[in-house]
2 protein chains.
Amino acid sequence: MPKIGMEPLRRKALIDAAVLAIGERGSLDVTMSEIATRAGVSAALAHHYFGGKNDLLEATMRHILRELGRDSVAALAGVSDPLGRVSAVIAVNFAHSQFRRETIAAWLAFYVEAQRSAPMRRLLRVYTRRLHSNLMSGLRELLPEREAERTAEGIAALIDGLYIRRALVDGAADAASAVALVDDYLETRLTRETART
Amino acid sequence: MPKIGMEPLRRKALIDAAVLAIGERGSLDVTMSEIATRAGVSAALAHHYFGGKNDLLEATMRHILRELGRDSVAALAGVSDPLGRVSAVIAVNFAHSQFRRETIAAWLAFYVEAQRSAPMRRLLRVYTRRLHSNLMSGLRELLPEREAERTAEGIAALIDGLYIRRALVDGAADAASAVALVDDYLETRLTRETART
DNA sequence: TATTATTGATTGACCAATCAATCAAGAAAA
DNA sequence: TTTTCTTGATTGATTGGTCAATCAATAATA
């Protein structure tokens with residue numbers, strides 16, 4: 001059976017299985033057996049490739065973040081006008097893929113882990129910085145530095161808050177209205193600034 | 001040892017102990033023994049009074065929500081001018097008590113549970129509605145209905161988003177700057193509206 | 001080519017630890 | 001005595017992790 005280079009295949013299968021399991025349980029409270037069985041291998045093999053449960057879960061989180069990163073660069077590619085860039089960033093964070101059960105579960109579990117796990121907190125900071133940077137790439141050309149920073153902070157918070165509310169409280173995730181609200185916020189900040197001159 | 005009416009005392013002690021344990025673990029992943037020991041009783045007694053682990057945790061969440069409710073009415077009491085009411089609501093949600101380790105842990109665990117537990121989701125909706133209602137109590141007199149609703153939604157999302165960011169990402173929870181940002185949002189919405197007439 | 005290491009891949013069986021829940025029985029109060 | 005209160009002991013189930021052993025393919029050797 002052992003062909004060549006099983007490792008990358010198995011790692012991917014295990015991470016995919018972990019994402020599925022997390023999405024189903026709604027938290028990181030999943031067993032190695034469940035993940036391994038889902039990936040079609042034994043629990044022992046999961047340990048063999050990842051060392052321990054924590055390492056597997058950490059790799060899984062990293063994988064999810066990487067996906068969001070890919071989506072972000074894709075959304076920004078080719079959009080050169082500043083306002084379009086900001087809108088693109090907002091849209092990506094409310095994209096369909098972000099409202100899958102697994103993604104929501106992973107994000108919430110992510111927050112929980114970040115409280116006590118330094119590596120997870122580092123990962124969370126990566127997301128934060130990237131979002132900020134992406135927003136600033138457009139805002140910098142629309143507002144003075146100080147004002148741009150503040151607007152980026154507001155938009156980022158608005159995104160996080162609306163995401164949780166749409167994902168948990170409101171029924172069907174109404175991404176459109178969320179995007180509209182954030183866009184409205186952006187527009188207001190812009191008009192206020194130009195009116196000030 | 002058994003005096004009269006031990007039940008309310010034990011319930012309170014157990015809930016308090018649960019809050020502490022949750023705050024320490026950072027999640028609902030706490031054992032009945034740990035909670036019971038902390039409360040100075042046996043694990044069996046915790047089962048006797050609450051039935052099961054789930055019931056105890058649910059009661060604990062309800063208790064935390066009730067605390068925030070009390071703080072809110074206290075903050076609103078006596079404040080009659082509309083703008084002051086809105087500001088008061090904003091301030092309460094960033095009050096010192098909300099940034100205690102236990103409170104943060106409870107809220108995040110709350111979100112996680114709300115994904116799969118209908119009772120928890122109901123509790124979350126209680127919080128949402130109350131916040132909305134409290135905000136509207138001031139906004140209604142400052143803006144036309146539609147605009148007030150929208151502003152309340154924005155403020156609420158901003159509060160939730162900033163709360164998580166201040167609690168998890170940024171270092172020391174900088175409540176002051178968060179309040180300033182939300183207040184700024186409110187002010188902008190108001191001036192925009194009056195300028196429109 | 002045939003034979004013999006060598007290595008990566010994989011697993012079943014097992015272990016020690018942990019936990020929620022139950023229960024029978026003891027201690028104290030009414 | 002009856003009721004309320006309380007616990008220690010126990011159980012049944014689960015879990016993360018370890019380990020020795022197997023299997024398949026490849027490389028080396030004769």
Side-chain angles (χ1 to χ4, degrees), chain A residues 1-62 105-106 109 112-113 116-117 119-120, chain B residues 1-61 105 109 112-113 116-117 119-120:
Chain A
M1 200 75 61
K3 291 282 181 60
I4 35 142
M6 280 285 104
E7 179 155 354
L9 295 185
R10 293 280 117 108
R11 289 188 97 96
K12 182 183 183 336
L14 283 166
I15 287 182
D16 287 347
V19 171
L20 271 194
I22 291 171
E24 210 160 90
R25 278 275 182 289
S27 74
L28 295 192
D29 202 8
V30 289
T31 71
M32 290 295 267
S33 318
E34 190 188 338
I35 296 173
T37 302
R38 246 203 183 81
V41 298
S42 71
L45 193 65
H47 276 96
H48 173 66
Y49 279 127
F50 284 94
K53 189 186 179 184
N54 257 344
D55 307 278
L56 171 53
L57 293 182
E58 212 173 301
T60 304
M61 288 301 185
R62 228 180 290 273
V112 170
E113 286 305 298
R116 314 268 176 256
S117 157
M120 289 295 181
Chain B
M1 198 81 59
K3 290 283 182 58
I4 34 141
M6 279 285 104
E7 180 154 353
L9 295 186
R10 293 279 117 107
R11 288 187 98 96
K12 181 180 184 338
L14 282 166
I15 288 182
D16 287 348
V19 170
L20 271 195
I22 291 171
E24 210 160 88
R25 279 275 181 289
S27 75
L28 296 192
D29 203 9
V30 290
T31 71
M32 289 295 269
S33 326
E34 190 188 337
I35 296 173
T37 302
R38 245 200 183 83
V41 298
S42 73
L45 194 64
H47 276 97
H48 172 68
Y49 279 125
F50 284 93
K53 190 186 177 183
N54 257 344
D55 308 278
L56 171 53
L57 293 183
E58 211 173 300
T60 303
M61 287 302 184
V112 170
E113 287 304 299
R116 312 270 177 257
S117 158
M120 288 295 179

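These figures come from a predicted structure and were not determined experimentally. Only this structure's heavy atoms are used, side chains among them; waters, hydrogens and symmetry mates stay out. Lettering of chains follows the sequences in order, A, B, ..., and the numbering in each one begins at 1.
- R25(A) has its CZ atom 12 Å from the C1' atom of dT15(D), to the nearest Å.
- When heavy atoms are screened at a 4.0 angstrom cut-off, Y49(A) is found touching the sugar-phosphate backbone but no base atom.
- An OP1 or OP2 oxygen of dT6(D) is reached within less than 4.0 angstrom by a side-chain nitrogen or oxygen of R10(B).
- In this structure, R38(B) places its CZ atom where more than 12 heavy-atom neighbours from other residues, nucleotides or ligands lie under 6.0 Å away.
- Rounded to an integer number of Å, the gap from M6(A) CE to dT26(D) C1' is 15 Å.
- S42(B) comes within contact range of at least one nucleobase, with a heavy-atom separation under 4.0 Å.
- Nearest to the side chain of V41(A), among dA9(C), dT6(D), dT11(C), sits dT11(C).
- The side chain of H48(B) approaches dT6(D) more closely than any other nucleotide in the set dT11(C), dT6(D), dA21(C).
- For the salt bridge (Lys or Arg N to Asp or Glu O under 4.0 Å) condition, the pairs that include at least one residue of residues 43-61 of chain A, sequence neighbours left out, are E58(A)-R62(A).
- Distance L28(B) CG to dA20(C) P: 12 Å, rounded to the nearest Å.
- A side-chain donor-acceptor contact under 3.5 Å links R116(A) to the backbone of E24(B).
- Look at CZ on F50(A): it is 13 Å from P on dT10(C), rounded to the nearest Å.
- The nearest whole Å value for the distance from the CE atom in M32(B) to the P atom in dT18(C) is 18 Å.
- Comparing G52(A) and A44(B) by the nucleotide of DNA chain D that holds the closest heavy atom to each, the one mapping nearer the 5' end is A44(B).
- With the nearest nucleotide of DNA chain D identified for both T31(A) and G51(A), T31(A) has the one nearer the 5' end.
- For K53(A), counting side-chain heavy atoms from C-beta on, the closest listed nucleotide (dT11(C), dT10(C), dG16(D)) is dG16(D).
- Residue-environment remark: CZ (R11(B)) exceeds the threshold of 12 foreign heavy atoms within 6.0 Å.
- Spacing between atom CG of L14(A) and atom P of dA9(C) amounts to 13 Å, rounded to whole angstrom units.
- Distance CG (D29(B)) to P (dT18(C)): 13 Å, rounded to an integer number of Å.
- Taking atom NE2 of H47(B) as the reference point, atom P of dC5(D) lies 19 Å away to the nearest angstrom.
- Proximity of T60(B) to F50(B): side-chain heavy atoms (C-beta onward) are nowhere separated by under 4.5 Å.
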